[in-house]
Amino acid sequence: MNKVLVVGGGGRCHAIVETMCKSAFVSQVYCAPGNAGIAEIATCVPIKDTDIDALLEFAEKKDIDLTIVGPEAALAAGIVDAFQAAGRKIFGPTKAATIIESSKDFAKELMDKYNVPTAGYQTFDSYEKAVEYVRGGSFPTVLKYDGLAAGKGVVIAENLAEAESALKDMLLDDKFGHGKVVIEEFLEGPEFSLMCFVNGDKVYPMPVAQDHKRAFDGDKGPNTGGMGAYTPLPFISKDDIDYAMEKIMKPVAAAMVAEGRPFCGVLYGGLMKTPSGIKVIEFNARFGDPETEVVLPRLQCDFYCLITDILDGFTPVIEWEDCATLGVVLASKGYPGSYEKGYAIEGFTKVETPLYHMGTAVSKGDLVTSGGRVMMVVAKGEDLAEARDKVYKEIKKLKCKNLFYRKDIGHWAF
């Protein structure tokens with residue numbers, strides 16, 4: 001029997017841990033640092049996800065058979081390189097391959113070079129030149145901080161004042177660190193997420209999902225790390241998925257090999273179905289959050305075998321349940337801006353569908369809020385309407401003074 005370490009602590013990692021716990025080949029799952037929900041099903045280890053030396057020491061000491069990395073910060077810090085150098089099996093891209101997420105400018109240059117469809121763009125490190133460029137362009141326009149920004153480095157500016165403010169944050173005030181800004185043309189159409197298991201040029205798709213990034217109903221308010229997700233998507237056809245695989249996901253995996261940065265792990269394509277075809281909005285180098293929480297519950301094969309087969313170069317057996325899943329995030333009031341922590345959450349033991357913890361802690365015996373996104377309620381159904389009805393019914397069982405959530409998750413499908 002095998003021991004697994006999951007690195008990270010949010011809702012995505014809760015879903016990964018839960019799925020791994022179902023494996024017939026796993027005897028023990030550890031999670032570092034984990035959270036209050038994960039602690040109920042696995043052994044949480046108080047090690048920060050970017051403390052690579054301590055994580056490797058723990059893996060050596062416990063003789064961990066497989067490590068899976070959740071968050072991008074750990075990947076960008078080089079956790080996979082360190083584990084591989086020590087001869088330990090780990091699922092995730094190297095630091096050199098993680099650049100497809102950690103630098104939006106790199107991703108755009110790669111797509112340009114290999115003719116992968118995406119929005120037109122320019123990259124700037126000068127505030128003055130960036131402002132001059134947006135003044136000569138049209139609105140809305142999309143501004144992206146080049147590096148990692150925890151899902152908050154993208155601004156869709158509706159006018160010059162908004163663009164100037166965002167550029168000031170990114171290039172003068174170094175809100176996310178000192179870096180560059182990618183300015184993209186604004187595309188229209190439904191967005192969708194296509195996550196794939198990848199090893200080199202071998203690419204295996206997961207069911208497509210859609211994330212809701214705006215904070216409030218009607219896709220209003222600031223961008224967040226995601227307020228809910230669902231799968232499948234009635235407006236994305238099999239032909240659309242085939243196109244995305246053949247023109248985007250497979251060519252990009254092959255391009256990373258050609259560039260000497262072979263990718264192994266989960267390659268996340270953030271895509272948009274525009275009137276002129278499917279185009280790339282962004283790439284991530286790991287499981288998406290909150291999409292993972294609605295996709296993994298549909299997995300019917302053994303998760304441990306799937307991951308180890310991919311790592312060992314075998315063709316994995318991948319089976320998905322024919323059902324719909326929909327999940328809604330409950331967030332602290334004020335998120336994605338400033339918010340207060342420490343509010344008691346009641347009624348969570350009464351929830352009968354999957355409940356993934358994102359930002360929770362235990363204080364004096366009570367479950368309390370400890371992050372911006374706090375938890376995610378997910379439900380399955382024969383169709384999306386059934387899954388949606390179940391979710392909102394279950395959410396009513398939760399009691400907390402400082403949480404809000406969107407009431408329209410899945411609205412693109414109805």
- Could you tell me whether Lys350 and Glu394 make a salt bridge, using a distance below 4.0 angstrom between a side-chain N and a carboxylate O? no

- Would you mind checking if Asp211 and Lys213 are paired as a salt bridge, meaning a charged N to carboxylate O distance below 4.0 Å? yes

- Message: Has Asn2 got a side-chain atom pairing as donor or acceptor with Ser27's backbone, closer than 3.5 angstrom?
- Response: no

- Stepwise salt bridge (Lys or Arg N to Asp or Glu O under 4.0 Å) check, Lys108 with Glu184: CA-CA 10 Å; Lys108 296 297 276 191; Glu184 287 185 352; 2.8 Å; yes

- Message: For a side-chain contact (heavy atoms from CB on, under 4.5 Å) check, start with the C-alpha distance between Asp53 and Leu55, then their side-chain angles and the critical distance, and finish with the verdict.
- Response: CA-CA 6 Å; Asp53 291 342; Leu55 290 165; over 6 Å; no

- May I ask you to check if Lys89 and Phe91 form a cation-pi contact, with NZ or CZ under 6.0 angstrom from the six-membered ring centre and within 45° of the axis? no

- Task: For atom CD of Glu60, decide whether the heavy atoms of other residues, nucleotides or ligands shown that lie under 6.0 angstrom number more than 12.
- Result: yes

- Task: Carefully, step by step, assess Arg88 and Asp65 under the rule salt bridge (Lys or Arg N to Asp or Glu O under 4.0 Å).
- Result: CA-CA 7 Å; Arg88 303 224 68 89; Asp65 297 285; over 6 Å; no

- Message: So that I can tick it off, tell me whether Glu321 and Arg298 are bridged by a salt bridge, with the cut-off set at under 4.0 angstrom between side-chain N and carboxylate O.
- Response: no

- Any sub-3.5 Å donor-acceptor pair from Lys144's side-chain atoms to Ile183's backbone N or O? no

- dist Ser103:OG -> Glu109:CD (nearest 0.5 Å) comes out at 7.5 Å

- Is there a donor-acceptor contact under 3.5 Å linking the side chains of Asp302 and Ser23? yes

- Message: Below 30° counts as parallel, above 60° as perpendicular, anything between as tilted: where do the rings of His411 and His212 land?
- Response: perpendicular

- Query: How would you list all residue pairs meeting salt bridge (Lys or Arg N to Asp or Glu O under 4.0 Å) that involve residues 253-273, not counting sequence neighbours?
  - Reply: Lys113-Glu259, Asp240-Lys273

- Message: With rounding to the nearest 0.5 angstrom, report the NZ to CE distance, Lys238 to Met245.
- Response: 11.0 Å

- Ion pair Lys393/Asp389, N-O distance below 4.0 Å: no

- Is any NZ, NE, NH1 or NH2 atom of the basic residue among Glu293 and Arg12 found under 4.0 Å from an Asp or Glu carboxylate oxygen of the other? no

- Item | Lys/Arg N to Asp/Glu carboxylate O, Asp105 vs Lys180, below 4.0 Å | yes

- Determine, for Lys104 against Glu282, whether the closest basic-nitrogen to carboxylate-oxygen distance falls under 4.0 angstrom. no

- Under 6.0 Å from the NZ atom of Lys397, do we count more than 12 heavy atoms belonging to anything else shown? yes

- I would like to know whether Val142 and Val154 meet side-chain contact (heavy atoms from CB on, under 4.5 Å); could you show each step before the answer? CA-CA 7 Å; Val142 183; Val154 178; 4.0 Å; yes

Side-chain donor-acceptor contacts of residues 263-270 below 3.5 Å, not counting sequence neighbours, with atom names and distances?
residue	atom	partner	partner atom	Å
Tyr268	OH	Ser193	OG	3.0
Tyr268	OH	Glu291	OE2	2.6

- Using the side-chain contact (heavy atoms from CB on, under 4.5 Å) rule, take Ile241 and Ile236 through it: C-alpha gap first, then chi angles, then the decisive distance, then the call. CA-CA 7 Å; Ile241 296 166; Ile236 301 298; 3.8 Å; yes

- Query: Is any NZ, NE, NH1 or NH2 atom of the basic residue among Asp408 and Arg406 found under 4.0 Å from an Asp or Glu carboxylate oxygen of the other?
  - Reply: yes

- Query: Going through the distances and angles, do Asp366 and Lys364 end up as a salt bridge (Lys or Arg N to Asp or Glu O under 4.0 Å)?
  - Reply: CA-CA 6 Å; Asp366 290 330; Lys364 297 175 185 171; over 6 Å; no

- Query: Do any N or O atoms from the side chain of Arg214 and from the backbone of Gly221 form a donor-acceptor pair under 3.5 angstrom?
  - Reply: yes

- Item | Spacing of OG1 belonging to Thr274 relative to NZ belonging to Lys279, to within rounding of 0.5 Å | 5.0 Å

- Query: Once the angle between the rings of Phe124 and Tyr133 is folded into 0 to 90°, is it parallel (under 30°), tilted (30 to 60°) or perpendicular (over 60°)?
  - Reply: tilted

- Item | Spatial distance of atom CD1 (Ile307) from atom CG (Leu311) [nearest 0.5 Å] | 7.0 Å

- Message: Using 0.5 Å steps for rounding, measure from the NZ atom of Lys333 to the OH atom of Tyr339.
- Response: 16.0 Å

- Query: Taking Thr369 for the side chain and Tyr343 for the main chain, is one N or O donor matched with an acceptor at less than 3.5 Å?
  - Reply: yes

- Message: One thing to verify: whether Lys250 and Glu246 come together as a salt bridge, which I'm taking to mean a side-chain N less than 4.0 angstrom from a carboxylate O.
- Response: yes

- So, do Phe58 and Tyr30 have ring centers that fall under 6.0 Å from each other? yes

- Message: Using 0.5 Å steps for rounding, measure from the OG1 atom of Thr231 to the CZ atom of Phe192.
- Response: 12.0 Å

- Query: Does Glu164 pair with Lys168 as a salt bridge, N-O distance under 4.0 Å?
  - Reply: no

- Audit row: Phe176, Tyr145, ring pair (Phe, Tyr, Trp, His ring centres under 6.0 Å) steps and yes/no: CA-CA 8 Å; Phe176 305 113; Tyr145 177 69; 5.5 Å; yes

- Expected output: side-chain Glu386 to main-chain Glu382 donor-acceptor under 3.5 Å: yes

- With distance as the sole criterion, is a donor-acceptor pair present between the side chains of Gln28 and Thr43 under 3.5 Å? yes

- Indicate the ring-plane relationship of Phe303 and Phe287, choosing parallel, tilted or perpendicular according to the 30° and 60° boundaries. perpendicular

- Task: Under the side-chain contact (heavy atoms from CB on, under 4.5 Å) rule, what do Met376 and Leu355 come out as? Steps first, then yes or no, please.
- Result: CA-CA 6 Å; Met376 182 172 177; Leu355 176 65; over 6 Å; no

- Using a distance-only test with no angle check, is there a side-chain donor-acceptor pair under 3.5 angstrom linking Tyr230 and Gln210? yes

